Amino acid sequence: MDDADVIVVGAGLAGLAAAITLQTAGLQVLLLEQADEVGGRVRTDEVDGFLLDRGFQVLLPAYPELQRLLDPAALDLRAFSRGVLVQGRDERWDLSTAYRDKATVASLARFAGKRPLDALAVGAFSVRDAVVDAARLRGATPRETGLELSRWHVSQRTTEEIFQPFLAGVFLDPDLTTSSKMFHLLWRCFVRGGAAVPANGMRALPHALADLLADDALRLSTTVESIESGAVRTTGSASPLKARAVLVATDGTDASGLLPSVSAPDWRGVTTWYFAAPDAPLHRPTLLLDGADGSLMNTVVMSEVAGTYAPPGRALIAASVPNTTFNTDVARTLLSRLYQTSTSDWELLKEYRIPRALPRMTANHLLTTPAKVAPGRYVCGDHRDTSSIQGALFSGRRVATAIAQDLTRH
Ligand SMILES: Cc1cc2nc3c(=O)[nH]c(=O)nc-3n(C[C@H](O)[C@H](O)[C@H](O)COP(=O)(O)OP(=O)(O)OC[C@H]3O[C@@H](n4cnc5c(N)ncnc54)[C@H](O)[C@@H]3O)c2cc1C
(Lines give C-alpha, C1' and ligand atoms only; values in the text may rest on other atoms or scores of the structure.)
Protein backbone atom coordinates (compact mmCIF):
# COMPACT_ATOMS: atom_id res chain seq x y z
CA MET A 1 0.00 0.00 0.00
CA ASP A 2 1.20 3.56 -0.79
CA ASP A 3 2.27 5.86 2.04
CA ALA A 4 0.60 8.75 0.18
CA ASP A 5 -0.81 9.69 -3.23
CA VAL A 6 1.99 12.23 -3.65
CA ILE A 7 5.31 12.65 -1.85
CA VAL A 8 6.64 16.22 -1.98
CA VAL A 9 10.37 16.62 -1.30
CA GLY A 10 11.25 19.96 0.36
CA ALA A 11 9.11 22.26 2.52
CA GLY A 12 10.23 25.60 1.12
CA LEU A 13 7.54 27.90 -0.26
CA ALA A 14 7.14 25.87 -3.46
CA GLY A 15 6.74 22.56 -1.59
CA LEU A 16 4.29 24.09 0.89
CA ALA A 17 2.17 25.68 -1.86
CA ALA A 18 2.19 22.36 -3.76
CA ALA A 19 1.19 20.33 -0.69
CA ILE A 20 -1.71 22.70 0.08
CA THR A 21 -2.91 22.54 -3.55
CA LEU A 22 -2.74 18.72 -3.62
CA GLN A 23 -4.55 18.47 -0.30
CA THR A 24 -7.28 20.81 -1.57
CA ALA A 25 -7.65 18.54 -4.62
CA GLY A 26 -8.47 15.67 -2.24
CA LEU A 27 -5.14 13.84 -2.54
CA GLN A 28 -3.17 12.41 0.36
CA VAL A 29 0.17 14.22 0.65
CA LEU A 30 3.41 13.53 2.49
CA LEU A 31 5.78 16.53 2.63
CA LEU A 32 9.36 15.58 3.55
CA GLU A 33 11.82 18.25 4.72
CA GLN A 34 15.46 17.70 5.64
CA ALA A 35 15.65 20.71 8.00
CA ASP A 36 14.06 20.93 11.44
CA GLU A 37 11.77 23.74 10.30
CA VAL A 38 9.79 24.66 7.19
CA GLY A 39 10.65 27.65 4.98
CA GLY A 40 13.80 26.73 3.02
CA ARG A 41 15.42 30.04 2.11
CA VAL A 42 12.75 31.93 4.07
CA ARG A 43 13.66 31.45 7.71
CA THR A 44 14.28 33.71 10.70
CA ASP A 45 16.76 33.29 13.57
CA GLU A 46 16.32 34.76 17.04
CA VAL A 47 19.54 36.21 18.49
CA ASP A 48 19.56 38.08 21.82
CA GLY A 49 15.95 39.18 21.33
CA PHE A 50 16.49 40.33 17.70
CA LEU A 51 14.74 38.74 14.71
CA LEU A 52 17.22 38.08 11.91
CA ASP A 53 15.86 36.89 8.59
CA ARG A 54 18.36 34.59 6.89
CA GLY A 55 19.48 37.27 4.47
CA PHE A 56 17.57 40.55 4.19
CA GLN A 57 14.34 39.89 2.33
CA VAL A 58 10.93 41.45 1.91
CA LEU A 59 7.42 40.39 1.07
CA LEU A 60 5.43 42.24 -1.57
CA PRO A 61 1.79 42.18 -0.41
CA ALA A 62 0.71 42.56 -4.07
CA TYR A 63 2.21 39.19 -5.06
CA PRO A 64 -0.84 37.46 -6.64
CA GLU A 65 0.03 34.01 -5.25
CA LEU A 66 0.27 35.31 -1.71
CA GLN A 67 -3.23 36.67 -1.95
CA ARG A 68 -4.43 33.40 -3.45
CA LEU A 69 -3.07 31.24 -0.62
CA LEU A 70 -3.53 33.42 2.45
CA ASP A 71 -5.05 36.57 3.82
CA PRO A 72 -1.88 38.74 3.94
CA ALA A 73 -3.42 40.52 6.96
CA ALA A 74 -2.93 37.27 8.93
CA LEU A 75 0.84 37.84 8.67
CA ASP A 76 0.63 41.12 10.64
CA LEU A 77 2.65 42.92 7.99
CA ARG A 78 4.78 45.98 8.79
CA ALA A 79 5.36 48.20 5.77
CA PHE A 80 8.46 49.87 4.44
CA SER A 81 7.84 53.47 3.42
CA ARG A 82 7.36 53.98 -0.31
CA GLY A 83 10.39 55.26 -2.23
CA VAL A 84 14.08 55.19 -1.33
CA LEU A 85 16.92 57.31 0.02
CA VAL A 86 19.92 57.34 -2.30
CA GLN A 87 23.48 58.33 -1.63
CA GLY A 88 24.45 59.52 -5.13
CA ARG A 89 27.93 60.45 -6.31
CA ASP A 90 27.54 64.17 -5.59
CA GLU A 91 24.40 64.43 -3.52
CA ARG A 92 21.93 62.56 -1.43
CA TRP A 93 18.41 62.12 -2.80
CA ASP A 94 15.36 61.62 -0.64
CA LEU A 95 12.99 59.96 -3.10
CA SER A 96 10.40 58.96 -0.51
CA THR A 97 6.90 59.36 -1.81
CA ALA A 98 5.43 58.61 1.62
CA TYR A 99 6.42 61.84 3.36
CA ARG A 100 5.19 65.37 2.89
CA ASP A 101 7.75 67.20 5.05
CA LYS A 102 9.55 70.19 3.54
CA ALA A 103 12.94 68.50 3.11
CA THR A 104 11.53 65.47 1.29
CA VAL A 105 9.29 67.50 -1.00
CA ALA A 106 12.27 69.79 -1.78
CA SER A 107 14.49 66.80 -2.59
CA LEU A 108 11.88 65.27 -4.91
CA ALA A 109 11.43 68.64 -6.62
CA ARG A 110 15.22 69.07 -6.95
CA PHE A 111 15.52 65.62 -8.54
CA ALA A 112 12.68 66.35 -10.98
CA GLY A 113 14.25 69.73 -11.78
CA LYS A 114 17.73 68.34 -12.41
CA ARG A 115 16.67 65.12 -14.13
CA PRO A 116 13.24 65.82 -15.65
CA LEU A 117 13.41 63.09 -18.31
CA ASP A 118 14.27 60.49 -15.67
CA ALA A 119 11.39 61.60 -13.45
CA LEU A 120 9.01 61.41 -16.43
CA ALA A 121 10.31 58.02 -17.58
CA VAL A 122 10.01 56.42 -14.15
CA GLY A 123 6.55 57.94 -13.68
CA ALA A 124 5.46 56.64 -17.10
CA PHE A 125 6.55 53.03 -16.68
CA SER A 126 5.32 52.97 -13.08
CA VAL A 127 1.80 53.90 -14.20
CA ARG A 128 1.98 51.53 -17.19
CA ASP A 129 3.21 48.58 -15.08
CA ALA A 130 0.61 49.17 -12.37
CA VAL A 131 -2.44 49.40 -14.61
CA VAL A 132 -1.93 47.06 -17.59
CA ASP A 133 -2.84 43.40 -17.43
CA ALA A 134 0.08 41.31 -16.06
CA ALA A 135 -0.25 39.04 -19.13
CA ARG A 136 0.85 41.99 -21.30
CA LEU A 137 4.03 42.38 -19.24
CA ARG A 138 4.69 38.64 -19.46
CA GLY A 139 4.14 38.68 -23.24
CA ALA A 140 6.46 41.65 -23.94
CA THR A 141 9.75 41.25 -25.83
CA PRO A 142 12.39 40.39 -23.22
CA ARG A 143 15.73 42.19 -23.04
CA GLU A 144 18.29 42.90 -20.33
CA THR A 145 16.91 45.27 -17.68
CA GLY A 146 19.78 47.75 -18.26
CA LEU A 147 18.80 48.00 -21.96
CA GLU A 148 15.14 48.28 -21.04
CA LEU A 149 15.83 51.27 -18.77
CA SER A 150 17.69 53.06 -21.56
CA ARG A 151 14.82 52.25 -23.96
CA TRP A 152 12.57 54.16 -21.55
CA HIS A 153 15.16 57.02 -21.68
CA VAL A 154 16.35 56.64 -18.10
CA SER A 155 19.80 58.29 -18.05
CA GLN A 156 22.96 56.29 -17.49
CA ARG A 157 23.62 58.27 -14.32
CA THR A 158 20.21 57.55 -12.74
CA THR A 159 20.52 53.91 -13.78
CA GLU A 160 23.90 53.65 -12.03
CA GLU A 161 23.03 55.68 -8.94
CA ILE A 162 19.51 54.38 -8.28
CA PHE A 163 18.43 51.37 -10.32
CA GLN A 164 21.71 49.48 -10.10
CA PRO A 165 21.85 49.44 -6.27
CA PHE A 166 18.07 48.91 -6.03
CA LEU A 167 18.06 45.95 -8.41
CA ALA A 168 21.30 44.63 -6.95
CA GLY A 169 19.17 44.29 -3.81
CA VAL A 170 16.12 42.79 -5.49
CA PHE A 171 17.60 40.47 -8.16
CA LEU A 172 21.13 40.38 -6.64
CA ASP A 173 22.10 41.40 -10.17
CA PRO A 174 24.84 44.04 -10.25
CA ASP A 175 25.00 43.99 -14.09
CA LEU A 176 21.28 44.61 -14.80
CA THR A 177 21.18 41.59 -17.11
CA THR A 178 17.99 40.13 -15.58
CA SER A 179 15.02 39.76 -17.92
CA SER A 180 13.05 43.00 -18.38
CA LYS A 181 9.86 40.95 -18.03
CA MET A 182 10.85 40.17 -14.47
CA PHE A 183 11.73 43.79 -13.84
CA HIS A 184 8.32 45.08 -14.93
CA LEU A 185 6.37 42.30 -13.16
CA LEU A 186 8.22 43.03 -9.93
CA TRP A 187 8.01 46.80 -10.34
CA ARG A 188 4.25 46.38 -10.79
CA CYS A 189 4.03 44.66 -7.37
CA PHE A 190 6.20 47.34 -5.71
CA VAL A 191 4.03 50.13 -7.14
CA ARG A 192 0.76 48.40 -6.30
CA GLY A 193 1.51 47.25 -2.75
CA GLY A 194 4.96 48.38 -1.57
CA ALA A 195 7.13 46.08 0.54
CA ALA A 196 6.68 44.69 4.04
CA VAL A 197 7.84 42.11 6.57
CA PRO A 198 5.68 40.12 8.98
CA ALA A 199 5.95 41.32 12.60
CA ASN A 200 7.26 37.89 13.59
CA GLY A 201 9.91 37.71 10.86
CA MET A 202 9.78 36.31 7.33
CA ARG A 203 9.37 32.80 8.80
CA ALA A 204 5.74 33.76 9.51
CA LEU A 205 4.92 33.11 5.84
CA PRO A 206 6.02 29.44 5.63
CA HIS A 207 4.65 28.84 9.14
CA ALA A 208 1.23 30.18 8.13
CA LEU A 209 1.29 27.91 5.04
CA ALA A 210 2.33 24.86 7.11
CA ASP A 211 -0.63 25.54 9.44
CA LEU A 212 -2.94 24.83 6.49
CA LEU A 213 -1.67 21.23 6.17
CA ALA A 214 -3.24 18.16 7.73
CA ASP A 215 -1.53 17.09 10.98
CA ASP A 216 0.24 14.04 9.56
CA ALA A 217 1.22 15.59 6.20
CA LEU A 218 4.60 17.06 7.23
CA ARG A 219 7.74 15.20 8.32
CA LEU A 220 10.67 17.38 9.35
CA SER A 221 14.32 16.24 9.70
CA THR A 222 13.75 13.73 6.89
CA THR A 223 16.25 13.78 4.01
CA VAL A 224 15.37 12.16 0.69
CA GLU A 225 18.47 10.40 -0.68
CA SER A 226 17.12 9.02 -3.93
CA ILE A 227 13.98 8.65 -6.00
CA GLU A 228 12.94 5.34 -7.49
CA SER A 229 9.93 4.34 -9.51
CA GLY A 230 6.95 5.31 -7.34
CA ALA A 231 9.05 5.62 -4.17
CA VAL A 232 11.66 7.66 -2.32
CA ARG A 233 14.48 6.51 -0.04
CA THR A 234 15.16 8.59 3.03
CA THR A 235 18.33 8.65 5.14
CA GLY A 236 18.38 6.02 7.86
CA SER A 237 15.16 4.32 6.80
CA ALA A 238 15.24 0.61 5.85
CA SER A 239 12.28 0.64 3.49
CA PRO A 240 11.29 3.22 0.85
CA LEU A 241 8.22 5.43 1.12
CA LYS A 242 5.76 4.71 -1.70
CA ALA A 243 3.51 7.07 -3.65
CA ARG A 244 1.74 7.38 -7.01
CA ALA A 245 3.78 10.50 -7.81
CA VAL A 246 6.87 12.22 -6.44
CA LEU A 247 7.31 16.00 -6.64
CA VAL A 248 10.80 17.41 -6.07
CA ALA A 249 10.48 20.91 -4.54
CA THR A 250 14.09 21.43 -3.46
CA ASP A 251 16.28 24.22 -4.82
CA GLY A 252 17.59 23.74 -8.36
CA THR A 253 20.97 22.32 -7.43
CA ASP A 254 19.52 19.72 -5.05
CA ALA A 255 16.83 18.89 -7.64
CA SER A 256 19.54 18.17 -10.24
CA GLY A 257 21.04 15.65 -7.80
CA LEU A 258 17.72 13.85 -7.33
CA LEU A 259 16.48 14.10 -10.95
CA PRO A 260 19.22 13.68 -13.59
CA SER A 261 17.20 15.40 -16.34
CA VAL A 262 17.02 18.67 -14.35
CA SER A 263 19.95 21.08 -14.77
CA ALA A 264 21.35 23.02 -11.84
CA PRO A 265 20.84 26.78 -12.19
CA ASP A 266 23.52 29.47 -12.08
CA TRP A 267 23.21 31.20 -8.74
CA ARG A 268 23.39 34.76 -7.51
CA GLY A 269 24.72 35.24 -4.00
CA VAL A 270 24.32 37.81 -1.25
CA THR A 271 25.85 38.85 2.06
CA THR A 272 23.71 40.39 4.79
CA TRP A 273 25.06 41.84 8.04
CA TYR A 274 22.88 42.57 11.06
CA PHE A 275 24.11 45.15 13.55
CA ALA A 276 22.63 46.16 16.92
CA ALA A 277 22.94 49.85 17.81
CA PRO A 278 21.95 51.82 20.91
CA ASP A 279 19.97 54.26 18.73
CA ALA A 280 18.42 54.14 15.28
CA PRO A 281 20.74 55.97 12.85
CA LEU A 282 17.67 56.90 10.76
CA HIS A 283 14.15 57.30 12.10
CA ARG A 284 12.35 56.01 9.03
CA PRO A 285 11.38 52.60 7.63
CA THR A 286 13.04 53.50 4.33
CA LEU A 287 15.59 51.63 2.23
CA LEU A 288 18.87 53.51 1.83
CA LEU A 289 20.92 52.76 -1.31
CA ASP A 290 24.59 53.29 -1.97
CA GLY A 291 24.78 54.71 -5.49
CA ALA A 292 28.06 56.49 -4.84
CA ASP A 293 30.53 53.71 -5.46
CA GLY A 294 30.64 50.11 -6.62
CA SER A 295 29.49 48.46 -3.38
CA LEU A 296 25.78 48.62 -4.39
CA MET A 297 24.94 48.23 -0.72
CA ASN A 298 21.35 48.52 0.46
CA THR A 299 20.56 49.08 4.11
CA VAL A 300 17.58 49.68 6.35
CA VAL A 301 16.88 50.14 10.05
CA MET A 302 14.74 47.02 10.48
CA SER A 303 13.49 48.09 13.91
CA GLU A 304 11.97 51.19 12.26
CA VAL A 305 10.07 48.90 9.85
CA ALA A 306 8.95 46.50 12.59
CA GLY A 307 9.62 47.32 16.24
CA THR A 308 9.24 43.59 16.94
CA TYR A 309 12.60 42.90 15.22
CA ALA A 310 14.60 44.39 18.16
CA PRO A 311 14.28 44.34 21.96
CA PRO A 312 13.11 47.57 23.61
CA GLY A 313 15.65 50.41 23.54
CA ARG A 314 17.83 48.92 20.78
CA ALA A 315 17.95 49.30 17.01
CA LEU A 316 18.55 46.64 14.36
CA ILE A 317 20.29 47.58 11.14
CA ALA A 318 20.42 45.25 8.09
CA ALA A 319 22.90 45.81 5.26
CA SER A 320 23.38 43.69 2.12
CA VAL A 321 25.65 43.52 -0.93
CA PRO A 322 25.15 41.29 -4.00
CA ASN A 323 28.20 39.07 -3.48
CA THR A 324 29.52 36.69 -0.85
CA THR A 325 33.11 37.90 -0.37
CA PHE A 326 32.67 41.51 0.77
CA ASN A 327 34.81 42.47 3.77
CA THR A 328 32.90 43.14 7.00
CA ASP A 329 35.14 46.04 8.13
CA VAL A 330 34.65 47.76 4.77
CA ALA A 331 30.90 47.25 5.14
CA ARG A 332 31.00 48.95 8.55
CA THR A 333 32.91 51.93 7.08
CA LEU A 334 30.40 52.24 4.25
CA LEU A 335 27.53 52.19 6.74
CA SER A 336 29.17 54.97 8.70
CA ARG A 337 29.24 57.11 5.53
CA LEU A 338 25.70 56.18 4.47
CA TYR A 339 24.12 56.94 7.86
CA GLN A 340 26.53 59.87 8.53
CA THR A 341 27.30 58.56 12.01
CA SER A 342 29.94 56.49 13.78
CA THR A 343 29.35 52.74 13.74
CA SER A 344 32.11 51.94 16.26
CA ASP A 345 29.57 51.10 18.99
CA TRP A 346 27.47 48.90 16.69
CA GLU A 347 27.56 45.23 17.63
CA LEU A 348 27.75 42.73 14.76
CA LEU A 349 25.00 40.24 15.63
CA LYS A 350 25.44 37.94 12.67
CA GLU A 351 26.50 37.84 9.04
CA TYR A 352 24.91 35.61 6.45
CA ARG A 353 26.89 34.73 3.33
CA ILE A 354 24.49 32.93 0.98
CA PRO A 355 25.94 31.72 -2.34
CA ARG A 356 22.72 29.97 -3.40
CA ALA A 357 20.26 32.83 -2.91
CA LEU A 358 18.56 33.34 -6.28
CA PRO A 359 18.72 31.42 -9.56
CA ARG A 360 19.99 33.78 -12.28
CA MET A 361 17.28 34.94 -14.71
CA THR A 362 18.73 36.04 -18.05
CA ALA A 363 16.90 38.03 -20.72
CA ASN A 364 15.78 34.82 -22.47
CA HIS A 365 14.70 33.20 -19.17
CA LEU A 366 11.67 30.95 -19.66
CA LEU A 367 8.93 32.09 -17.29
CA THR A 368 7.71 28.53 -16.98
CA THR A 369 8.98 25.00 -17.68
CA PRO A 370 7.44 21.46 -17.93
CA ALA A 371 5.91 20.11 -14.72
CA LYS A 372 6.67 16.44 -15.43
CA VAL A 373 10.24 15.25 -16.05
CA ALA A 374 9.75 11.45 -16.09
CA PRO A 375 6.83 9.05 -15.50
CA GLY A 376 5.51 9.78 -11.99
CA ARG A 377 8.25 12.40 -11.33
CA TYR A 378 7.62 16.13 -11.21
CA VAL A 379 9.64 19.20 -10.27
CA CYS A 380 8.78 22.67 -9.00
CA GLY A 381 10.54 25.58 -7.28
CA ASP A 382 11.73 29.09 -8.05
CA HIS A 383 14.28 27.70 -10.57
CA ARG A 384 11.39 26.37 -12.68
CA ASP A 385 9.39 29.60 -12.86
CA THR A 386 10.78 32.88 -11.51
CA SER A 387 13.31 33.55 -8.75
CA SER A 388 11.13 35.05 -6.06
CA ILE A 389 8.61 34.26 -3.38
CA GLN A 390 5.88 34.77 -5.98
CA GLY A 391 7.71 32.45 -8.42
CA ALA A 392 8.16 29.67 -5.83
CA LEU A 393 4.52 29.80 -4.65
CA PHE A 394 3.22 29.91 -8.23
CA SER A 395 5.47 27.03 -9.27
CA GLY A 396 4.23 24.83 -6.41
CA ARG A 397 0.59 25.45 -7.25
CA ARG A 398 1.10 25.10 -11.02
CA VAL A 399 2.86 21.72 -10.80
CA ALA A 400 0.53 20.39 -8.10
CA THR A 401 -2.45 21.22 -10.32
CA ALA A 402 -0.83 19.24 -13.17
CA ILE A 403 -0.24 16.26 -10.84
CA ALA A 404 -3.83 16.33 -9.58
CA GLN A 405 -5.05 16.29 -13.20
CA ASP A 406 -2.75 13.36 -14.10
CA LEU A 407 -3.74 11.29 -11.05
CA THR A 408 -7.45 11.83 -11.38
CA ARG A 409 -7.31 11.00 -15.12
CA HIS A 410 -5.75 7.54 -14.49
C1 LIG B 1 18.82 36.15 1.15
C2 LIG B 1 17.64 36.00 0.25
C3 LIG B 1 16.84 37.10 0.03
C4 LIG B 1 15.71 36.98 -0.79
N5 LIG B 1 14.90 38.06 -0.94
C6 LIG B 1 13.74 37.93 -1.59
C7 LIG B 1 12.80 39.00 -1.60
O8 LIG B 1 13.03 40.03 -0.99
N9 LIG B 1 11.63 38.82 -2.29
C10 LIG B 1 11.37 37.67 -2.97
O11 LIG B 1 10.30 37.57 -3.59
N12 LIG B 1 12.24 36.63 -2.96
C13 LIG B 1 13.40 36.73 -2.29
N14 LIG B 1 14.28 35.68 -2.23
C15 LIG B 1 13.98 34.47 -3.03
C16 LIG B 1 13.00 33.52 -2.38
O17 LIG B 1 13.26 33.41 -1.00
C18 LIG B 1 13.15 32.15 -3.05
O19 LIG B 1 12.94 32.34 -4.45
C20 LIG B 1 12.13 31.12 -2.54
O21 LIG B 1 12.05 31.12 -1.14
C22 LIG B 1 12.51 29.74 -3.06
O23 LIG B 1 11.63 28.77 -2.54
P24 LIG B 1 11.68 27.26 -3.02
O25 LIG B 1 10.62 26.54 -2.30
O26 LIG B 1 11.69 27.21 -4.51
O27 LIG B 1 13.14 26.70 -2.57
P28 LIG B 1 13.82 26.58 -1.14
O29 LIG B 1 13.41 27.71 -0.27
O30 LIG B 1 15.28 26.44 -1.40
O31 LIG B 1 13.23 25.24 -0.50
C32 LIG B 1 13.75 23.97 -0.79
C33 LIG B 1 13.58 23.08 0.43
O34 LIG B 1 13.97 21.75 0.09
C35 LIG B 1 14.64 21.18 1.20
N36 LIG B 1 15.46 20.05 0.71
C37 LIG B 1 16.53 20.11 -0.11
N38 LIG B 1 16.99 18.87 -0.37
C39 LIG B 1 16.20 18.01 0.31
C40 LIG B 1 16.18 16.59 0.44
N41 LIG B 1 17.06 15.81 -0.20
N42 LIG B 1 15.24 16.02 1.24
C43 LIG B 1 14.32 16.80 1.88
N44 LIG B 1 14.29 18.15 1.79
C45 LIG B 1 15.21 18.76 1.00
C46 LIG B 1 15.46 22.34 1.74
O47 LIG B 1 15.89 22.12 3.08
C48 LIG B 1 14.45 23.50 1.61
O49 LIG B 1 13.66 23.61 2.77
C50 LIG B 1 15.42 35.76 -1.43
C51 LIG B 1 16.24 34.64 -1.20
C52 LIG B 1 17.33 34.76 -0.36
C53 LIG B 1 18.15 33.55 -0.07
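When a residue number appears, it is its place in the shown sequence, counting from 1. When a ligand or atom number is given, it counts from 1 through the structure's own listing order. Values in this document were obtained by computation on a predicted structure and should not be read as measured data.
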Seminar exercise, completed: The answer for which part of R54 has a heavy atom under 4.0 Å from ligand 1 is backbone
Exercise. What protein heavy atom is closest to atom 43 (C) of ligand 1, reported as residue, atom name and distance in Å?
Worked result: Q34 N, 3.4 Å
Exercise. So, T158 side chain and V154 main chain: donor-acceptor pair closer than 3.5 Å or not?
Worked result: no
Exercise. Looking at side-chain heavy atoms only, is the closest gap between F171 and S387 below 4.5 Å?
Worked result: no
For this session: Check whether any side-chain heavy atom of T178 sits under 4.5 Å from a side-chain heavy atom of F183, and report yes or no.
Result: no
Exercise. For the residue pair H184 and F125, does the interplanar ring angle fall in the parallel (under 30°), tilted (30 to 60°) or perpendicular (over 60°) class?
Worked result: perpendicular
Problem set entry | Check: L212 main-chain N/O paired with Q23 side-chain donor or acceptor under 3.5 Å | yes
For this session: Within a distance under 4.0 Å of any heavy atom of S388, pick out the atoms of ligand 1 and give their elements.
Result: 11 (O), 12 (N), 19 (O)
For this session: Establish, yes or no, whether a centroid distance under 6.0 Å links the rings of F190 and F166.
Result: yes
Exercise. For ligand 1, which atoms, with element, lie under 4.0 Å from some heavy atom of L13?
Worked result: 21 (O), 25 (O)
For this session: Calculate, to the nearest 0.5 Å, the distance between atoms CG and CZ belonging to D94 and R284 respectively.
Result: 4.5 Å
Exercise. When only distance counts, is T223 in polar contact with ligand 1, meaning an N/O pair under 3.5 Å?
Worked result: no
For this session: Assess the side chains of T369 and R384: does a donor N or O sit below 3.5 Å from an acceptor N or O?
Result: yes
Seminar exercise, completed: Check: of A255, G55, A35, min heavy-atom distance to atom 1 (C) of ligand 1 comes from G55
Exercise. Does an N or O anywhere in G15 fall below 3.5 Å from an N or O of ligand 1?
Worked result: no
Problem set entry | Side chain, backbone, both or neither: the part of D254 lying under 4.0 Å from ligand 1 by heavy atom | side chain
Problem set entry | Test item: V246 and V6 side chains (from C-beta on) under 4.5 Å apart, heavy atoms | no
Exercise. Nearest protein heavy-atom contact for atom 4 (C) of ligand 1: which residue, which atom, what distance?
Worked result: Q57 CB, 3.6 Å
Exercise. So does R89 pair up with D293, basic N to acidic O under 4.0 Å?
Worked result: no
Problem set entry | L66 vs Q390 side-chain heavy atoms within contact, under 4.5 Å | no
For this session: Identify whether the distance between the nearest side-chain nitrogen and carboxylate oxygen of E228 and K242 falls below 4.0 Å.
Result: no
Problem set entry | Atoms of ligand 1, numbered as shown, that sit under 4.0 Å from any heavy atom of G40 | 29 (O), 31 (O), 48 (C), 49 (O)
Exercise. Judging by distance only, is a nitrogen or oxygen of G381 under 3.5 angstrom from one on ligand 1?
Worked result: no
Exercise. Between S387 and ligand 1, is there a nitrogen or oxygen pair with a distance under 3.5 Å?
Worked result: no
For this session: Around atom 42 (N) of ligand 1, find the nearest protein heavy atom and jot down its residue, atom name and distance.
Result: V224 N, 3.0 Å
Exercise. So is Y63 polar-close to ligand 1, meaning N/O to N/O under 3.5 Å?
Worked result: yes
Problem set entry | Backbone or side-chain N or O of T250 under 3.5 Å from ligand 1 N or O | no
Problem set entry | Per-atom contacts of ligand 1 with L32, taking only distances under 4.0 Å to non-hydrogen atoms | 43 (C), 44 (N)
Exercise. Looking only at non-hydrogen atoms, which of E33, M202, R268, R356 approaches atom 35 (C) of ligand 1 most closely?
Worked result: E33
Exercise. Between atom CD of E91 and atom OG of S107, what is the distance when rounded to the nearest 0.5 Å?
Worked result: 7.5 Å
Exercise. Is there a side-chain contact between R203 and E46, using heavy atoms and a 4.5 Å cut-off?
Worked result: yes
Exercise. So is A14 polar-close to ligand 1, meaning N/O to N/O under 3.5 Å?
Worked result: yes
Exercise. Against heavy atoms of I354, which atoms of ligand 1 measure under 4.0 Å?
Worked result: 1 (C)
Problem set entry | CZ (R337) with more than 12 external heavy atoms under 6.0 Å | yes
Exercise. Nearest non-hydrogen atom to atom 9 (N) of ligand 1 belongs to which of V58, V8, T222, T253?
Worked result: V58
Problem set entry | Any Y352 heavy atom less than 4.0 Å from ligand 1 | no
For this session: Would you check if there is a donor-acceptor pair between the side chains of D118 and S155 at a distance under 3.5 Å?
Result: yes
For this session: Report the nearest protein non-hydrogen atom to atom 29 (O) of ligand 1: residue, atom name, distance rounded to 0.1 Å.
Result: R41 N, 2.9 Å
Problem set entry | Closest approach of any protein heavy atom to atom 26 (O) of ligand 1, naming residue and atom | D382 N, 2.9 Å
For this session: Select the closest option to atom 31 (O) of ligand 1 among A18, G10, G12, judged by heavy-atom distance.
Result: G12
Exercise. Heavy atom under 4.0 Å from ligand 1: found in C380's side chain, backbone, both, or neither?
Worked result: neither
Problem set entry | Short N or O distance, L358 and ligand 1, threshold 3.5 Å exclusive | no
Seminar exercise, completed: Quick look: L60 vs ligand 1, heavy-atom contacts under 4.0 Å, and the answer is neither
For this session: Indicate, as side chain, backbone, both or neither, the part of V42 found under 4.0 angstrom from ligand 1 when only non-hydrogen atoms are considered.
Result: side chain
For this session: Would you mind running through ligand 1 and noting each atom that sits below 4.0 Å from a heavy atom of V9?
Result: 40 (C), 42 (N), 43 (C)
For this session: May I ask you to identify, for V270, whether its side chain, its backbone, both or neither come under 4.0 Å of ligand 1 on a heavy-atom basis?
Result: side chain
For this session: Could you check which of P355, S221, A357 puts a non-hydrogen atom nearest to atom 53 (C) of ligand 1?
Result: A357
Exercise. Between Y274 and W346, does a ring-ring contact (aromatic ring centres under 6.0 Å, His included) hold up when you go through it step by step?
Worked result: CA-CA 10 Å; Y274 287 105; W346 290 14; over 10 Å; no
Exercise. Would you say ligand 1 has an N or O under 3.5 Å from any N or O of Q390?
Worked result: no
Exercise. Hey, does V197 have a side-chain heavy atom less than 4.5 Å from the side chain of L77?
Worked result: no
For this session: Answer whether the closest heavy-atom distance between the side chains of F275 and E347 falls below 4.5 Å.
Result: no
For this session: Answer with yes or no whether V38 contacts ligand 1, where contact means a heavy atom under 4.0 Å from a ligand atom.
Result: no
Exercise. G391: heavy atom below 4.0 Å from ligand 1, yes or no?
Worked result: no
Problem set entry | Pair R41 + D53: basic N to acidic O under 4.0 Å | no
For this session: Distance to 0.1 Å, residue and atom name: give those for the protein heavy atom nearest to atom 23 (O) of ligand 1.
Result: A392 CB, 3.5 Å
For this session: Return the residue, atom name and 0.1 Å-rounded distance of the protein heavy atom closest to atom 32 (C) of ligand 1.
Result: A249 O, 3.5 Å
